[in-house]
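Protein chains get the first letters and strands the later ones, always in sequence-line order, with residue 1 at the start of each.
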4 protein chains.
Amino acid sequence: MKKIIVDTYEDMSQLATDLIIAASLQAKRINLSLTAGSTPKRMYELLNQKLASLPEMTNVHYYTFDETPIKNQAHEVVGYDNFDGLNESFFKPAKIDSTRIHAMTGDNYRDFPAEIDAAGGLELMVIGIGEDGHFCANMPECTLYDQEVYKVKLTNEYPWNEPYQQSLQGNYSDYMYTLGLPALLKVKKLVLIANGLAKAQAIKAALEGPMTPDFPSSYLRLHPNLVVILDQEAASALT
Amino acid sequence: MKKIIVDTYEDMSQLATDLIIAASLQAKRINLSLTAGSTPKRMYELLNQKLASLPEMTNVHYYTFDETPIKNQAHEVVGYDNFDGLNESFFKPAKIDSTRIHAMTGDNYRDFPAEIDAAGGLELMVIGIGEDGHFCANMPECTLYDQEVYKVKLTNEYPWNEPYQQSLQGNYSDYMYTLGLPALLKVKKLVLIANGLAKAQAIKAALEGPMTPDFPSSYLRLHPNLVVILDQEAASALT
Amino acid sequence: MKKIIVDTYEDMSQLATDLIIAASLQAKRINLSLTAGSTPKRMYELLNQKLASLPEMTNVHYYTFDETPIKNQAHEVVGYDNFDGLNESFFKPAKIDSTRIHAMTGDNYRDFPAEIDAAGGLELMVIGIGEDGHFCANMPECTLYDQEVYKVKLTNEYPWNEPYQQSLQGNYSDYMYTLGLPALLKVKKLVLIANGLAKAQAIKAALEGPMTPDFPSSYLRLHPNLVVILDQEAASALT
Amino acid sequence: MKKIIVDTYEDMSQLATDLIIAASLQAKRINLSLTAGSTPKRMYELLNQKLASLPEMTNVHYYTFDETPIKNQAHEVVGYDNFDGLNESFFKPAKIDSTRIHAMTGDNYRDFPAEIDAAGGLELMVIGIGEDGHFCANMPECTLYDQEVYKVKLTNEYPWNEPYQQSLQGNYSDYMYTLGLPALLKVKKLVLIANGLAKAQAIKAALEGPMTPDFPSSYLRLHPNLVVILDQEAASALT
């Protein structure tokens, strides 16, 4: 593991942006997988700004790594939790052509690892960490550690489900899909970013705690080329 | 995982030999790590024969992956469990120059992963499996899954220790050293070979059973490029 | 360069077969490019025999590297010089599914390097050498050394054209298509095989002569991972 | 080739800095080779600033790619043209430990490619271009295109020699040493940077002119993963 502690959220965002730009600047097809959510908010602002000053990089393809289709009460899909987030923060502002966006869905998830493999694999993945230790949608209570990809039925046996369903404001989700640990272990460079005090205990557990199924991101330490970028606050509980 | 089931022990040995030869035939420094023991007995006969017909491949270096120093009753080291085995079956008959043999010992084990890293990493590792599920010296009762390398004190709390000490015929061992799971996950191609009915249940547990600390080789499925070569008997319990 | 001199044509064929099998035995999509012609005749016999004893390797895809469409006097394509040869010696006997065969043609050649790139690149290419120094269809008089792929109009300004057209027995070819040097330099492992006294001078020129446009295969020495396998006769002019 | 045209020298320097930082941020030993000279002046200012804000990256080693020992009239070596330049602009201000700096000299140059190979190869090389088309010390009149490394005796048969000797102000150089084309083709990512109108014709010849021994950097197009970063002025002659 390569652990880099920088001063601020801005520094973390800048460094992660550099890694994405550098991975894109190659004379060949490159496949990237980038996290949605609040942690990379500033990263996407910086990235979009930088990409706007560069020629379009048509060699770069994007693969989502998890998804939760959102349905309305008529059981029709009305949104995608992660894709819509990425679309808003990155694909639309950066004007990424849809032919270079590969989104995992309930229809294609079984074949998604093979699709990535047939395109030469993932060069870089940037992920965040949940306070409960989840990475991608590998949650504490339901992670299948030996599966490249899998589907989880969302039920209230998982303590995080009810608040999640409520956040959907009248809509609901019944399944989530995620790449699993073996798929992540195939990525050439895996980057974990975290900032803020709220993440300090999760980072400590992930990087220094026991490797345990109770805390999924503790398994990320197995990755052959894991780069962890933390601001001072996220790193504050580390020994 | 790529699983190849061949007819016989001879076929398994031949295929593993091909993989070693092919990994060696490159226009660059190549680092290999090969198992000792009974499973690869025929493999080394074939390999030694093939290497004898080829020019010396000075680009190939060998790294041992586990070791148990053997001491006499005066507490002096009189042998090395794995190195001596490899020496007998491979290094001596194949006339491998000692400058290209890198043996892990109680003195250098802490730095061994860094030494491998500084030489460009391992291209190929060929391992066997124990009936108890061990790989390298990662034993069921004492594997540290998040350590690249570690040392285990041999005590009778481990059921396998007493028979092992007795097999040393008056000598004894107090420690063993082994590369761990994260070190194996860095190898470009990991090859697991097994033959015979005695290994059938272990192979089933490793490849199809739950991924559990109770059975160390069940974690090998996490490897991004695992090739498993089995004869019919070793594969006979697979579904 | 890694140069291996073996005793006989049989040895050369066996070693090349081992390299193809080893490249195929991986837990991921693998792209190979293999030569047609007389040099690999025995290699394909051994390879077909070996593949027949193994489970179908659906992870392996094949890309042709040059082609000369053959037309009848009504100007209709009636054959493909290289693809038909490969089909006869390898694809048909080895029962390779057509979905895993990617043949370069006059229609797709411009996009062929990008197609290879989008599939993760070529892991292994096995080529021969012409007595006139050509590799793939990079001929002495018309090689474009900086092109990944190109088309050559066949005219009698090239001394080899008239005998070639006559060999087509009433049919003719007007263009040939070939991958060029930059495409070969991207292959992870490039294997050059040659046997027999007739190839001795070409091998000497390729490996020890000046790097000159007059002798295309002299540029192969630029490849970062070139493995040359020769029998005693093909190596007999080397110093 | 991946060609990136940015607005200004500052942008070029920033992008090159990002690539170096990204190559360094890996959980393994990384070998870099960086150019001296005026083109990267701003790049090193930005790089030194960025490295100062990060923890020491002890996984990164540096290899020089060419050298011209400078002698006084008593024939004693009093300086190194490239190493001293790099030392001033980068190694000293960035406080790179000397154990991680590998300088090519007249004593070790023959073994330098093997030394790089035994350390796992170069991940990234950043080079400039001369107005005469040279790269590293591969000069128009004396480049040996098939040599991984070589030595050139400096004589006045080369038009650039006399001005060079005069610039040494009473000292002189008799030999220069350089990595050659085959060594560069082994680098995983080769980055060529250029800025200013003075480089526009050289860039045009290198990227769009004939591939010819008269203009050494025209051969860089053979590299499997060449990234070219230009400001508007350096790119102004491109079609």
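Contact annotation: the side chain of D:V191 never approaches that of D:I127 to less than 4.5 Å [non-hydrogen atoms, C-beta and beyond].
Atoms CG and CG, from B:L226 and B:L190 in turn, are 5.0 Å apart once rounded to the nearest 0.5 Å. With values rounded to the nearest 0.5 angstrom, B:L25 atom CG is found 10.0 Å from B:I30 atom CD1. The distance from atom CZ of B:F135 to atom CD1 of B:I129, rounded to the nearest 0.5 Å, is 10.0 Å.
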Polar pairs (donor with acceptor) under 3.5 Å from chain B to chain D:
{"from": "B:R29", "atom 1": "N", "to": "D:D117", "atom 2": "OD1", "distance (Å)": "3.4"}
{"from": "B:R29", "atom 1": "N", "to": "D:D117", "atom 2": "OD2", "distance (Å)": "2.8"}
{"from": "B:D117", "atom 1": "OD1", "to": "D:R29", "atom 2": "N", "distance (Å)": "3.4"}
{"from": "B:D117", "atom 1": "OD2", "to": "D:R29", "atom 2": "N", "distance (Å)": "2.8"}

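Considering every non-hydrogen atom in both D:L19 and D:L124, the closest pair reads O-CD2, 3.7 Å. Contact record, D:A202 with D:G130: CB-O, 3.5 Å, taken as the closest heavy-atom pair.
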